[in-house]
Amino acid sequence: MTELLGDDFFANPHAYYRLWREQGPVHRVHFGDGVDRWLIIGYEEARAALADPRLCKDIDRLQAVIERKYAGTWAGPRTHDGLRHMLNADPPTHTRLRKAVSQAFTARRVAALQPIIERTANDLLDAMAAHERVDLLQAFAVPLPVAVICHLLDVDIEDHGTFREWTKALVGTLEPDVDRSRAHDEMVAFLRKMLQRKRAEPGEDVLSALVGDDAELDEGELIGMALLLLVAGHETTVNLVGNGMLALLRDRPWLERLRENPDLIPAAVEEFLRFDGPVDMATLRFTSEPITVGGTVIPEGEMVLVALAAANRDPRHFTDPHRVDPTADHTGHLGFGYGIHYCVGAPLARLEGRVAFTALLQRFPDITLAVDDSELRWYPNAVIHGLKRLPVRLRS
């Protein structure tokens, strides 16, 4: 049986996951583009799938599978330089690409960014203080990680608004008629100029390391990795802050408790990642041979998605999973994935989250939702789980 996604799926995917969970941990789902995909929603099954080498991600092999199985039905992702990065690669290519950037996200290097993150957060909060009501995403949750990732990569983007529009187009969080191809071409052209500058004037930043001889990246991989770092390097934090604040605005006692006990905020960040994390489904995989998941046989050459959000609310693994509780045992959540594709930027996202929630709750203790909950809208995207806007009142 193939499950159908309704128009309301992205606003409340957990309503679907609850119903499907009663029937088992694996489902065949129709996304409305003419192609069915297998969706894994159970925690144990998801964790195993994320580490299963038979579930492949190589972009060229994926394109071949699509052309062979879905010719004339589904175009699938275009193979281009922007897609040649570690999220679309298997070992040994994945190993080489990840090694090239992993040194940028060590505990020591991330900790050194804390003063910059705190200063940026406070500057944004100062600007917000002049207003009674703001869109918390545009005023705070977006510019904070954008500024940090641009600093880390030593990328000078004068118009952060344009950069945000590029990234929203590339991850499919804009309306259907947006010219994503144009956004991709503009961003790739921008990155080519940045990489040329790094070759001529290398520094201590990540992009300079990528263009160095030791990294051994070809031009397509350089563009793909630079694009991935810029986009994924801020998108996760945007929705960690947005979704987490929404959870607190819906549960006032926890907001007050965290404001009064900021030492609980690191645990709260982990709980937000579990409860309503920034990623719904991990990026696309395909089966290189038949595999059995939760008693269901998935044939070779099938598209497979792992629903991190569903796994993180599996009652077989988490106690009372549909309730926010920063004091609960949330260890082992899959908010950043699992296995070799575990988010390399997780330490940075955690630090940004801790700084953001601490500063925001201390500066605006009376913050409230400025619209009725029913007016909130979510991006229609299977991977990125985030709000379009989060209007708040900063003082009562």
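The structure displayed is predicted, hence computed values, not measured ones.
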Ion pair [X]/[Y], N-O distance below 4.0 Å:
X: Glu219; Y: Arg199; result: yes
X: Glu132; Y: Arg395; result: yes
X: Arg393; Y: Asp366; result: no
X: Asp251; Y: Arg323; result: no
X: Arg47; Y: Glu44; result: no

Distance only, no hydrogens: is a donor on one side chain within 3.5 Å (strictly under) of an acceptor on the other, for His385 and Asn239?
->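 No, no side-chain donor-acceptor pair sits under 3.5 Å.
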If you measure only the distance, is there a donor-acceptor pair under 3.5 Å linking the side chains of Asp314 and Tyr17?
-> no
Side-chain donor-acceptor distances from residues 142-151 under 3.5 Å, at least two apart:
none

When hydrophobic residues are tied together by side-chain contacts of less than 4.5 Å, even through go-betweens, does Leu360 share a cluster with Leu264?
-> yes
Please tabulate, for the side chains in residues 104-117, all donor-acceptor contacts under 3.5 angstrom to protein atoms that are two or more places apart in sequence or on a different chain.
residue, atom, partner, partner atom, Å
Thr106, OG1, Arg109, N, 3.3
Arg109, NH2, Glu204, O, 3.4
Gln114, NE2, Glu118, OE2, 2.9

Does any non-hydrogen side-chain atom of Leu284 lie less than 4.5 Å from one of Leu305?
-> yes
Would you verify whether the NZ or CZ of Arg313 falls within 45 degrees of the ring axis of Phe275 while also being under 6.0 Å from that six-membered ring's centre?
->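 That pair qualifies as a cation-pi contact.
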Could you list all the salt bridge (charged side-chain N to carboxylate O under 4.0 Å, His left out) pairs where at least one residue sits in residues 293-305, not counting sequence neighbours?
-> Arg28-Glu302, Lys69-Glu302
